[in-house]
Amino acid sequence: MTVKELKTEEFMVNMGPQHPSTHGVCKLVIKMDGEEIKEITPHVGFLHRSIEKIGENRTYAQFVPYTDRIDYVASMNANHAYVIAAEKLGGVEVPERAEYLRVIMAELNRIASHLVWLATFAIDLGAVTPFLYAFREREMILDLFEMTCGQRLTYNYMCIGGVNWDIPKEFEPKLREFLKIFPSRVDDYEDLLTNNPIFLYRTKNIGILSKETAFEYSVSGPSLRGSGVKWDIRKAESYSIYDRFDFDIPVGYNGDAWDRYRVRMREMRESAKIVQQAIDGLPGGDIQTKVPRTWKPPEGEVFTRIEAPRGEMAYHIVSDGSTKPYRMKIRTASFCNLQVLPIIGINHLIADLVAIFGSLDIILPEVDR
Amino acid sequence: MFELGGIFEAIGKWLNGFLPPVWVTIISAVITGLAVLGFLSLLALFLVWWERKISAHMQQRYGPMRTGWHGVLQTIADGVKLLQKEDLMPKDADRIVYFWAPIICFGAAFMAYLVVPFGKGIIVQDLNIGILYIIAITTFTVVSLLMAGWASNNKWALLGGMRSAAQIISYEVPLSLAIVGAVMLAQTLSMNGIVSAQAGGFWHWYVFREPLGFLVYYIAATAEANRTPFDIPEAEQELVAGFNIEYSGMKFAMFFLAEFVNMFTVSAIAVTLFFGGWQPLFSFLGFIPSWVWFMGKSLVSVFVLMWFRWTYPRIRVDQLMNFAWKFLLPLAFLNIILVGFGIVVFK
């Protein structure tokens, strides 16, 4: 019997929703030829909580805790995106100190979020040890958050008009200690992964996302910058007080998993730089502009976006002049970034799919909202 | 003193005094069989605990702490738990194959110890084709993994089974060729013969005669034992658990223990072939019992394998094949050629 006479057939497998490498409840229906992937269909919606609709039934201030749940790995950034939109809608001025605190918290949360990504990405590739190293540093950040707002995951820290709590006395020394050791810890991770030939084999030229595809599917965040596009809302449309800080936007070249990895690793260092500058320049004063309990922003609509750890997070709020938004639309990065998976994952092996999925840094509550 | 080999001989002599030879053979076979089985089961329990502790300390954790002193009884607790678990079988599984796969895996892992010299005179049977026997018997593992993957009637399990077949078959080749070097040097296939050929201090060990052979053997053995970075058959993050995805209870425990026994097997062979087996480091250290030397060296090797696992990411299946055929295999041939030249030149 010759090889041609042997009949082979493609088969379908369900990867998820309980698969360990789908980072939550994403279900990928994969058509495979042996180990090679021929077609991927992501099924989302397992975590849908209709947060946008909830937003239309809560007052502006009441909605802030819900934003935590949109991206619970980076709640500070999710808070930030919403309060900026609401403040722009109502023309609320934010005190200087509050802006600085927001930037510190948002950037710390960006580091924490990237650490979670690094941990899970390393595990996806089979390296278990970096997971616990990354979580060790994340723990320090969570301690900082806990002493400020009492929460470790969903902070509800920012409010319309400022922030809810001022930092306690012990916050600053702890933060400086963290900033001092953090760069060397990033070096540790790089020792474990960056120069590891197996890691290079697993990520180089895997899941190449071209600039064109990235634009077509509106990919944003580190995944976009990995493809060599220097686009970061913090610089491009500077919001809050990001224009006062000196930081670089790391970009990649090929758009493969390796580049996305490098971009995030360098972003952690840049974020630490921003936090350092912010804590050095932290002014005194109020942390909140008093906003009345029944706050009614004027009629109109507003669109703002920020750079969340996973990409652009945008709010489109339409106000009819009442205490509740008339319509709220939330744009989250993971949803758009997930769309390129069926394109860049094709013709790779199943092991690569796990690496690509990990390198895109998708978080499911953000996909489903 | 403290040499266990003498004890076995003494028991044999004592039995011979009042029993017919047939009975002595049967009794000694049963005793040695049980001794090996008991020893390896204990060893596997220890290795599971040890790996958990090593991984924990590498990751700045404590690992098991509650069951016994530093959690030494943890594996026993896990074993008891697994015994109590319901033994599930998928509805569409191939019942016979599904049942036998873990038993073959377990059996093959243990049968290799027939010819492993644990110390001076502590060997179940010194076959004159000892090392060949080991290569043959350890290959049974792949049959069992393939059986498990096929019989589970699960696509992930099948992928795992296929991967393991492809992996082990390709790594058998450089593994066997790496062993050839040691056999050429010792001029024998008997395990005891290979050990005694390396007598007289550590500079006689074959790792210094053919370091290339050791390198090829050790890499291939890591793959053979399904350890990271070559643990693709079970690849937790890709195939969830690969071939053993559907197994539960004691059947799963058998696969699990077999993995640890296999890890010790490849370490024991590495020690025997390249590190002088139970021979002491220097001959004046000969007062330390030979089995202590053997266990010590083997456990160091096991530690290195564990170290690999908790440091490296996992390699991809096609890269693994490339590595075996394009890199390890030529290296193994080169080793044979070098050893051949060495024998001709230095003899």
Side-chain angles (χ1 to χ4, degrees), chain A residues 10-16 18-23 30-37 119-137 139 185 188 191-194 196-206 261 348-358, chain B residues 51-52 54-63 149 152-167 219 222-223 226-242 245 306-323 326-327:
Chain A
E10 293 173 342
F11 64 103
M12 311 280 275
V13 292
N14 282 319
M15 190 168 168
Q18 307 98 334
H19 192 280
S21 296
T22 51
H23 297 214
I30 310 169
K31 191 193 259 181
M32 294 209 293
D33 180 11
E35 288 235 354
E36 205 172 304
I37 290 161
T120 49
F121 184 49
I123 277 210
D124 286 347
L125 296 176
V128 186
T129 303
F131 178 87
L132 285 125
Y133 285 8
F135 266 58
R136 177 186 60 191
E137 272 69 73
E139 197 62 27
R185 294 286 165 84
D188 281 355
D191 280 347
L192 273 170
L193 293 174
T194 311
N196 187 325
I198 298 174
F199 184 76
L200 285 176
Y201 274 132
R202 288 297 307 275
T203 51
K204 277 260 182 199
N205 294 323
I206 300 299
Y261 162 81
H348 281 300
L349 301 183
I350 183 106
D352 293 331
L353 180 68
V354 172
I356 297 167
F357 197 91
Chain B
E51 167 134 51
R52 293 183 67 168
I54 287 176
S55 68
H57 285 278
M58 282 182 180
Q59 298 170 346
Q60 317 205 328
R61 304 183 280 125
Y62 288 117
S152 302
N153 201 5
N154 177 312
K155 287 163 185 167
W156 297 108
L158 183 61
L159 277 175
M162 288 305 187
R163 277 181 173 194
S164 89
Q167 168 181 347
I219 295 173
T222 313
N226 281 335
R227 300 286 299 177
T228 313
F230 306 111
D231 64 338
I232 56 162
E234 47 179 299
E236 199 179 318
Q237 289 79 21
E238 297 149 24
L239 304 185
V240 195
I245 190 167
M306 289 176 179
W307 192 359
F308 283 169
R309 172 159 177 193
W310 301 105
T311 310
Y312 288 129
R314 180 184 308 109
I315 201 160
R316 208 174 62 208
V317 61
D318 58 323
Q319 291 163 346
L320 183 95
M321 297 297 154
N322 279 342
F323 186 68
K326 291 183 182 166
F327 181 73

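Numbered from 1 within each chain, the chains take letters A, B, ... in sequence-line order. As the structure is a prediction and not an experimental result, all values here were calculated from the model. Computation of the quantities below employed the complete heavy-atom set of this structure, encompassing side-chain atoms and omitting hydrogens, waters and symmetry-equivalent molecules.
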Chemist: Using every non-hydrogen atom in the two residues, find where A:T129 and B:T311 come nearest and quote the distance to one decimal.
Modeler: OG1-N, 4.5 Å
Chemist: So, taking the atom named CD1 in A:I350 and the one named CZ in B:R163, what distance separates them when rounded to the nearest 0.5 Å?
Modeler: 7.5 Å
Chemist: At a heavy-atom separation under 4.5 Å, does A:N14 approach chain B through its side chain, its backbone, both, or neither?
Modeler: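 Backbone only.
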Chemist: Under a 4.5 Å heavy-atom cut-off, does chain B meet the side chain of A:L200, its backbone, both or neither?
Modeler: neither
Chemist: Locate the shortest heavy-atom distance separating B:R316 from A:R202; write the atom from each residue and the value.
Modeler: N-CD, 3.7 Å
Chemist: Check whether A:F11 gets within reach of chain B through its side chain, its backbone, both or neither, counting any heavy atom under 4.5 Å.
Modeler: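 Answer is side chain: those atoms of A:F11 sit under 4.5 Å from chain B.
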Chemist: Measuring heavy-atom distances to chain B, does A:F199 have an atom under 4.5 Å in its side chain, in its backbone, in both, or in neither?
Modeler: both
Chemist: To the nearest 0.5 Å, how far apart are CG in A:L192 and OH in B:Y312?
Modeler: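 Answer for the CG-OH pair, A:L192 versus B:Y312, is 10.5 Å.
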Chemist: Rounded to the nearest 0.5 Å, what separates atom CG in A:D352 from atom CG in B:D318?
Modeler: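 Between A:D352 CG and B:D318 CG, I get 7.0 Å after rounding to 0.5 Å.
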Chemist: Kindly give the heavy-atom pair with the smallest separation between A:I198 and B:P313, and that separation in Å.
Modeler: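 So the minimum-distance heavy-atom pair works out to CG2-O, 3.6 Å.
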Chemist: Heavy-atom distance under 4.5 Å to chain A: side chain of B:Q319, backbone, both or neither?
Modeler: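 Contact with chain A: side chain only.
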Chemist: Would you indicate whether A:M32, at its atom CE, is surrounded by more than 12 heavy atoms from other residues, nucleotides or ligands within a distance under 6.0 Å?
Modeler: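 Counting other residues, nucleotides and ligands, CE of A:M32 exceeds 12 neighbours.
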Chemist: Should we say atom CZ of A:F135 is surrounded by more than 12 heavy atoms from elsewhere, each under 6.0 Å from it?
Modeler: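 Buried by this count: over 12 neighbours within 6.0 Å.
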